[in-house]
Asks: 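Shown below is the structure under consideration.
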Number of protein chains: 2
Amino acid sequence: MSSSEPGTAPPAAPRMDGRTGPARLQGLPTRLLSLAATHSDRLVNEGLAAADARKWHYAVLATLEESGPASQAELSRRTGIYRSDLVSVINELTDRGLVERAPDPADRRRNVITMTERGRARFARLDTLITELEDEVLAPLGPAERDQLARLLTRLVDHHARRDG
Amino acid sequence: MSSSEPGTAPPAAPRMDGRTGPARLQGLPTRLLSLAATHSDRLVNEGLAAADARKWHYAVLATLEESGPASQAELSRRTGIYRSDLVSVINELTDRGLVERAPDPADRRRNVITMTERGRARFARLDTLITELEDEVLAPLGPAERDQLARLLTRLVDHHARRDG
DNA sequence: TACTAACGTTAGTCAGACGAACGAATGTGA
DNA sequence: TCACATTCGTTCGTCTGACTAACGTTAGTA
């Protein structure tokens with residue numbers, strides 16, 4: 001009642017995306033970034049979960065594939081996974097027989113993580129899967145736009161990574 | 001040729017950003033998206049925390065400012081905050097005297113959330129703050145690039161929002 | 001009246017990012 | 001050589017955010 005009508009004619013959002021929210025809010029790049037990342041993460045996580053994997057599994061396997069055996073600390077640095085969180089990731093990978101964890105004879109503080117044959121095969125499959133998922137996430141964009149997006153995001157990430165490094 | 005050869009001499013990442021990880025991993029748009037969003041969220045959260053606020057506070061205040069009083073369910077739809085999470089957000093805002101929660105006489109299932117004078121002043125300050133924080137996040141990009149990024153992200157968000165809507 | 005749906009709320013799950021601290025091992029400087 | 005600092009793997013815990021389940025109340029509808 002009384003003048004202004006807040007309850008009148010809200011087009012009703014399709015889901016939890018704030019799609020029908022205020023313009024100011026909706027245009028904020030930081031919000032768009034969060035929202036886009038949420039959608040992207042969800043798709044990727046679901047896709048990987050369907051294959052009994054997680055993002056971190058892929059990250060670790062990709063690193064091992066490219067640089068060979070490494071300590072957990074090194075994997076942590078290369079993948080961006082905190083060393084405290086890496087513990088369980090390596091556990092999961094050893095449970096699945098994809099990597100092996102052995103004490104480093106040269107430095108007994110360390111473990112050497114090595115990819116197994118199964119791990120290598122697994123990585124190949126996951127790599128294909130990831131490619132498909134990336135494609136699904138970027139579906140609405142053309143090749144040039146995807147490049148553009150990747151470049152812009154890289155600039156952002158590089159900038160902020162150095163700052164608090 | 002100069003300094004970008006992975007393999008034997010990894011230059012040790014500055015921090016938890018996976019900056020020195022494998023090229024394949026590092027170029028993945030979904031990863032860049034997550035990373036960028038993480039940096040962005042951190043900056044925004046820290047900035048708002050220093051002003052005793054959170055993202056959701058701003059989102060709710062912005063919605064009330066633009067559309068006037070609303071029920072919690074409506075705020076949920078417009079901001080994208082789940083209605084279960086909105087409860088505590090409204091609590092925090094009422095604790096700070098920024099909004100008022102009153103039962104809706106027209107529909108006793110609902111609460112009507114109304115912004116107070118303090119709330120309005122608060123929103124103005126937060127809005128300025130947010131603008132500064134956005135600027136900090138987008139620092140490495142020029143105006144045209146910021147626009148481009150916002151457009152691309154909007155396309156992504158729109159696309160995925162409709163899909164699971 | 002009986003069924004259905006919306007609303008606010010509580011409680012809880014799950015993933016990710018991150019900090020604190022600790023024992024074991026190693027490196028370093030006096 | 002001894003003391004101190006650092007690194008490593010690990011456990012535990014915190015915080016935010018997204019999301020589900022369920023429940024009592026209230027409204028709308030068949």
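Chain naming here is simple, since letters A, B, ... match the order of the sequence lines and numbering starts at 1 in each. Only a predicted model underlies this, so the values are computations on that prediction, with no experimental measurement involved.
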Asks: Where the side chain of S84(B) is defined as all heavy atoms beyond and including C-beta, which of dC18(C), dT16(D), dA11(C) is the nearest nucleotide?
Replies: dA11(C)
Asks: Give the rounded distance in Å between these two atoms: CZ of R42(A) and C1' of dC14(C).
Replies: 14 Å
Asks: First locate atom CG of L86(A), then atom CD of Q72(A), and finally report the distance between them rounded to the nearest 0.5 Å.
Replies: 5.5 Å
Asks: Let me know the distance between CG of D104(A) and P of dA24(C), rounded to the nearest Å.
Replies: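 It is 19 Å, rounded to the nearest whole Å.
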Asks: For S71(B), answer base if it contacts any base atom (sugar-phosphate contacts may also be present), sugar-phosphate if it contacts only those atoms, and nothing otherwise; contact means non-hydrogen atoms under 4.0 Å.
Replies: sugar-phosphate
Asks: If you find the nucleotide of DNA chain D closest to T38(A) and the one closest to V112(A), which residue's nucleotide is nearer the 5' end?
Replies: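 Its nucleotide being nearer the 5' end, the pick is V112(A).
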Asks: For the pair E117(B) and R120(B), find out whether any cationic side-chain nitrogen is under 4.0 Å from an anionic carboxylate oxygen.
Replies: yes
Asks: Given dG17(D), dG9(D), dC7(C), which nucleotide is nearest the side-chain atoms of R77(B)?
Replies: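 The answer is dC7(C).
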Asks: Name the residue from E134(B), K55(B), E136(B) that meets the side-chain contact (heavy atoms from CB on, under 4.5 Å) definition with V44(B).
Replies: K55(B)
Asks: Just how far, in rounded Å, is P of dG16(C) from CH2 of W56(A)?
Replies: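 Interatomic distance, CH2 of W56(A) to P of dG16(C): 6 Å.
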Asks: Measure CD1/I81(B) against P/dC19(D) and give the value in whole Å, please.
Replies: 13 Å
Asks: Considering residues, nucleotides and ligands other than R125(B), do more than 12 of their heavy atoms fall under 6.0 Å from its CZ?
Replies: no
Asks: For the side chain of D85(A), counting heavy atoms from C-beta on, which of dC18(C), dT9(C), dT10(D) is nearest?
Replies: dC18(C)
Asks: Between atom CG in D41(B) and atom C1' in dA15(C), what is the gap in whole Å?
Replies: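 The answer, rounded to whole Å, is 14 Å.
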Asks: In terms of side-chain heavy atoms of R109(B), which of dC18(C), dG17(D), dA6(C) is nearest?
Replies: dA6(C)
Asks: In whole Å, what is the span from the NZ atom of K55(A) to the C1' atom of dG16(C)?
Replies: 8 Å
Asks: Between dA25(C), dG8(C), dA17(C), which one does the side chain of R110(B) approach most closely?
Replies: dG8(C)
Asks: The side chain of Y82(B) is closest to which nucleotide in this list: dC7(C), dT10(D), dA18(D)?
Replies: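 Nearest nucleotide to the side chain: dA18(D).
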Asks: Return the nearest nucleotide to the side chain of D107(A); candidates are dC18(C), dA25(C), dT9(C).
Replies: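 So the side chain of D107(A) is nearest to dA25(C).
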Asks: Closest to the A73(A) side chain: dC8(D), dA15(C), dA27(D)?
Replies: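 In terms of side-chain proximity for A73(A), the closest of dC8(D), dA15(C), dA27(D) is dC8(D).
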Asks: Do the side chains of R146(A) and D135(A) get close enough for a salt bridge, i.e. N-O under 4.0 angstrom?
Replies: yes
Asks: OP1 or OP2 of dA17(C) sitting under 4.0 Å from any side-chain N/O of N45(B)?
Replies: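 Looking at the OP1 and OP2 atoms of dA17(C), neither is under 4.0 Å from any side-chain N or O of N45(B).
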Asks: Could you check how far CZ of R83(B) sits from C1' of dA18(D), rounded to whole Å?
Replies: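 Nearest whole value for this atom pair: 15 Å.
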Asks: Please determine, for the side chain of Q72(B), which listed nucleotide (dA27(D), dT9(C), dG16(C)) has the closest atom?
Replies: dT9(C)
Asks: Do the side-chain N or O atoms of R101(B) get closer than 4.0 angstrom to the phosphate oxygens (OP1, OP2) of dG8(C)?
Replies: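 No, no such contact exists.
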Asks: Side-chain donor-acceptor pair under 3.5 Å between Y58(B) and R24(A), yes or no?
Replies: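 A donor-acceptor contact under 3.5 Å links the two side chains.
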Asks: Could you check how far CG of N111(A) sits from P of dG23(C), rounded to whole Å?
Replies: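 So the CG-P distance, N111(A) to dG23(C), works out to 19 Å.
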